[in-house]
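Structure first, commentary second.
Note that the numbering runs from 1 along the sequence shown for the chain. All heavy atoms count here, side chains included; hydrogens, waters and symmetry mates do not.
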Amino acid sequence: MNNSKIIANALQARGMTDDQLQQLLTAYHGDLPFHTIPEWSRRGYHVKPDAEPLFSCYLWKHTNKPSRAAVEAAEEAGEDIPENSPHFYQKLSYIYSFSQVEKNAPAADLETIKAQLQNLPGVVLTVKGEKTGAPVVWLTGDTEAHADAIKAAGGIWSRKKSAYWVKPSAAAPADKPAAPAPQVEPEKPAAPAPCTALVPVYKFDLLPAPDPQPGREEAHKKPARVYETWTIHPGKRTPQPWKKCEFATVRRNEKTQQPEACKMTGYTDGIYNYYSAGSLWFAIHPVYGLAVSTAHSRKAAQADAMKNADKVKRVEAQAAQDDRMQKYAALVKSANDGDNVTLF
């Protein structure tokens with residue numbers, strides 16, 4: 001579920017009907033006019049000074065820093081803490097509507113802004129992100145005395161940081177061409193979504209929904225197919241000591257929206273595989289690559305997975321006659337064998 005869908009669900013939970021949601025999507029060309037302050041800023045708007053957030057919800061954020069779970073796992077295993085661990089995590093975010101924002105006034109280029117504001121008495125000018133090609137000028141100190149001049153240069157007040165900020169235009173002096181600004185598609189993560197350390201889209205207990213039109217299934221029923229039954233852990237399922245391992249999980253490709261197998265590095269207890277994404281741990285079925293449980297620690301994910309043992313067995317019993325489950329199993333098997341994992 002992407003951030004747009006999360007926001008849409010939050011709006012419906014607060015009373016917005018399907019028709020009203022569709023009207024907004026039509027009016028705004030498939031977009032919803034509800035965003036966080038950083039997202040409005042990226043689109044060239046700023047939140048009005050006295051505006052309060054309409055609501056809050058947990059949205060996906062991207063980071064390259066190792067998660068707390070990854071740090072704890074490395075320390076527990078006596079290994080070095082990884083310097084980079086790209087992953088998404090959920091963060092409490094505050095949402096504002098289009099009626100609560102204003103279009104940013106056109107700003108000058110960075111050098112012009114520096115010339116206008118860096119010599120204001122008592123004002124400290126700091127440029128962040130200058131090397132990225134998308135710099136932002138922050139103004140702190142005695143800004144109240146120079147508020148008119150700062151606003152005239154395109155300054156916007158940030159209540160969170162108690163400072164003004166200005167986003168320069170892309171223009172630059174002729175002798176110093178501006179670096180290209182990064183392009184970010186609307187409603188897509190600002191960072192690429194690699195097929196590692198991400199939250200699995202597919203849950204183990206999801207089976208095809210019953211046909212809403214009785215009789216149609218029989219009319220279009222395909223000839224029965226015979227599948228190989230992959231039995232992994234016969235007999236009692238007793239967790240074994242933790243071992244580090246590499247395995248595959250199934251998630252949805254952001255571009256094709258089709259399931260694909262992603263190789264992960266994590267741990268196994270001899271029954272399920274485990275890995276962390278952000279502050280969450282996932283227990284993954286070794287054959288189907290689907291999430292059996294989710295929790296805020298590896299041991300809690302293991303405990304929940306054991307509680308779900310009966311449900312897992314029921315789904316496993318039906319999986320041999322289920323096309324989708326067999327496709328998941330084939331994806332995982334191909335990934336583990338090192339073959340081409342694309343089946344669609």
* **Side-chain heavy-atom pair Gln302, Asp269 within 4.5 angstrom cut-off** => yes

* Enter the distance from Glu144:CD to Trp157:CH2 here, rounded to the nearest 0.5 Å. => 8.0 Å

* To do: Would you check if Val292 and Tyr274 make a side-chain contact, meaning some heavy-atom pair closer than 4.5 Å?
  => no

* Hphob cluster co-occupancy, Ile6 + Leu54, side-chain heavy atoms under 4.5 angstrom -> yes

* Is it true that a side-chain atom of Gln100 and a backbone atom of Ser97 form a donor plus acceptor pair closer than 3.5 Å? -> yes

* Is any side-chain heavy atom of Met306 less than 4.5 Å from a side-chain heavy atom of Tyr272? -> yes

* About how many Å separate CG of Asn9 and SG of Cys57, when rounded to the nearest 0.5 Å? -> 9.5 Å

* Using a 4.5 Å cut-off on heavy atoms from C-beta on, say whether the side chain of Ile95 contacts that of Pro53. => no

* Not counting sequence neighbours, list each pair that qualifies as a salt bridge (charged side-chain N to carboxylate O under 4.0 Å, His left out) and has a residue in residues 8-23. => none

* Asked: His285 and Val312: side-chain contact (heavy atoms from CB on, under 4.5 Å), yes or no, with the steps?
  -> CA-CA 9 Å; His285 195 281; Val312 171; 4.1 Å; yes

* **Any donor-acceptor pair under 3.5 Å from His62 side chain to Pro86 backbone** => no

* Asked: Taking all atoms of both residues into account, what is the closest heavy-atom pair of Asn104 and His46, and its distance?
  -> OD1-ND1, 2.7 Å

* Asked: Going hydrophobic residue to hydrophobic residue with side-chain gaps under 4.5 angstrom, can you get from Tyr58 over to Leu32?
  -> yes

* Asked: Linking I/L/V/M/F/W/Y whenever their side-chain heavy atoms sit closer than 4.5 Å, directly or via other members, would Val136 and Leu139 fall into one cluster?
  -> no

* Asked: Partners of Gln23 by side-chain hydrogen bond (donor to acceptor under 3.5 Å, both in side chains), sequence neighbours excluded?
  -> none

* Does a sphere of radius 6.0 Å around NZ in Lys243 hold more than 12 heavy atoms from other residues, nucleotides or ligands, not counting ones at 6.0 Å or beyond? -> no

* So how far is it from Thr36 OG1 to Tyr96 OH, rounded to the nearest 0.5 Å? -> 9.5 Å

* To do: Mark yes or no for whether Ser41, through its side chain, and Ile37, through its backbone, hold a donor-acceptor pair below 3.5 Å.
  => no

* To do: Nearest 0.5 Å please: distance from the NZ atom of Lys128 over to the CH2 atom of Trp165.
  => 13.5 Å

* Taking Gln240 for its side chain and Thr238 for its backbone only, find out whether a donor-acceptor pair lies under 3.5 Å. => yes

* To do: Determine yes or no for a side-chain-to-main-chain donor-acceptor pair under 3.5 angstrom, with Tyr267 supplying the side chain and Ala73 the backbone.
  => yes

* Minimal non-hydrogen separation, Ser99 against Lys48, with atom names -> O-NZ, 3.0 Å

* Does Leu11 reach the side chain of Phe55, with side-chain heavy atoms less than 4.5 Å apart? -> yes

* Do the side chains of Lys327 and Pro259 get nearer than 4.5 Å, heavy atoms only? -> no

* Less than 4.5 Å apart, any side-chain heavy atom of His146 and any of Pro121? -> yes

* To do: May I ask you to decide if the ring planes of Tyr45 and Trp40 are parallel, tilted or perpendicular, using 30° and 60° as cut-offs?
  => perpendicular

* For the pair Glu246 and Thr265, evaluate side-chain contact (heavy atoms from CB on, under 4.5 Å) and give the outcome as yes or no after the intermediate values. => CA-CA 4 Å; Glu246 187 177 68; Thr265 299; 4.2 Å; yes

* Count the heavy atoms of every other residue, nucleotide or ligand shown that sit under 6.0 Å from OH of Tyr94, and state whether that count exceeds 12. => no

* Under the side-chain hydrogen bond (donor to acceptor under 3.5 Å, both in side chains) rule, collect the residues that match up with Glu79, sequence neighbours excluded. => Lys244

* Answer yes or no: is there a donor N or O on one side and an acceptor on the other, between the side chain of Thr249 and the main chain of Gly289, under 3.5 Å? => yes

* Go through the steps to decide whether Leu120 and Ile150 satisfy the test side-chain contact (heavy atoms from CB on, under 4.5 Å), and finish with yes or no. => CA-CA 9 Å; Leu120 293 176; Ile150 294 173; 4.1 Å; yes

* **From Asp31 atom CG to Leu25 atom CG, the distance as rounded to the nearest 0.5 Å** => 8.0 Å

* Crowding at CG, Asn64 (>12 non-hydrogen neighbours, <6.0 Å) -> yes

* Does the pair Leu24 and Met16 meet the rule for a side-chain contact (heavy atoms from CB on, under 4.5 Å), with working shown? -> CA-CA 11 Å; Leu24 280 175; Met16 183 173 287; 3.7 Å; yes

* Mark yes or no for whether Ser276, through its side chain, and Trp281, through its backbone, hold a donor-acceptor pair below 3.5 Å. => no

* Give a yes or no on whether a salt bridge exists between Arg42 and Glu39, defined as a side-chain N under 4.0 angstrom from a carboxylate O. => yes

* Nearest heavy-atom neighbours spanning Val332 and Ala248 -> CG1-CB, 4.1 Å

* To do: Search all heavy atoms of Gln116 against all heavy atoms of Ala153 and return the closest pair with its distance.
  => OE1-CB, 3.5 Å

* Structure fact -> Paired with Val124, the side chain to side chain contact (heavy atoms under 4.5 Å, CB included) test is passed by just one of Asp142, Thr143, Thr140, namely Thr140

* Asked: Any sub-3.5 Å donor-acceptor pair from Asp109's side-chain atoms to Thr112's backbone N or O?
  -> yes

* To do: Following the transitive rule for hydrophobic clusters with a side-chain heavy-atom cut-off under 4.5 Å over Ile, Leu, Val, Met, Phe, Trp and Tyr, establish whether Met325 and Val250 coincide in one cluster.
  => yes

* Asked: Are Leu117 and Val123 close enough that some pair of their side-chain heavy atoms sits under 4.5 Å apart?
  -> no

* If you round to the nearest 0.5 Å, how far is CD of Gln12 from OG1 of Thr17? -> 8.0 Å

* To do: Report yes or no: do Tyr328 and Val287 belong to one cluster of Ile/Leu/Val/Met/Phe/Trp/Tyr joined by side chain heavy-atom distances under 4.5 Å?
  => yes

* Structure fact -> Closest non-hydrogen atoms of Val47 and Ala51, given as atom of the first, atom of the second and distance, are CG1-CB, 3.6 Å

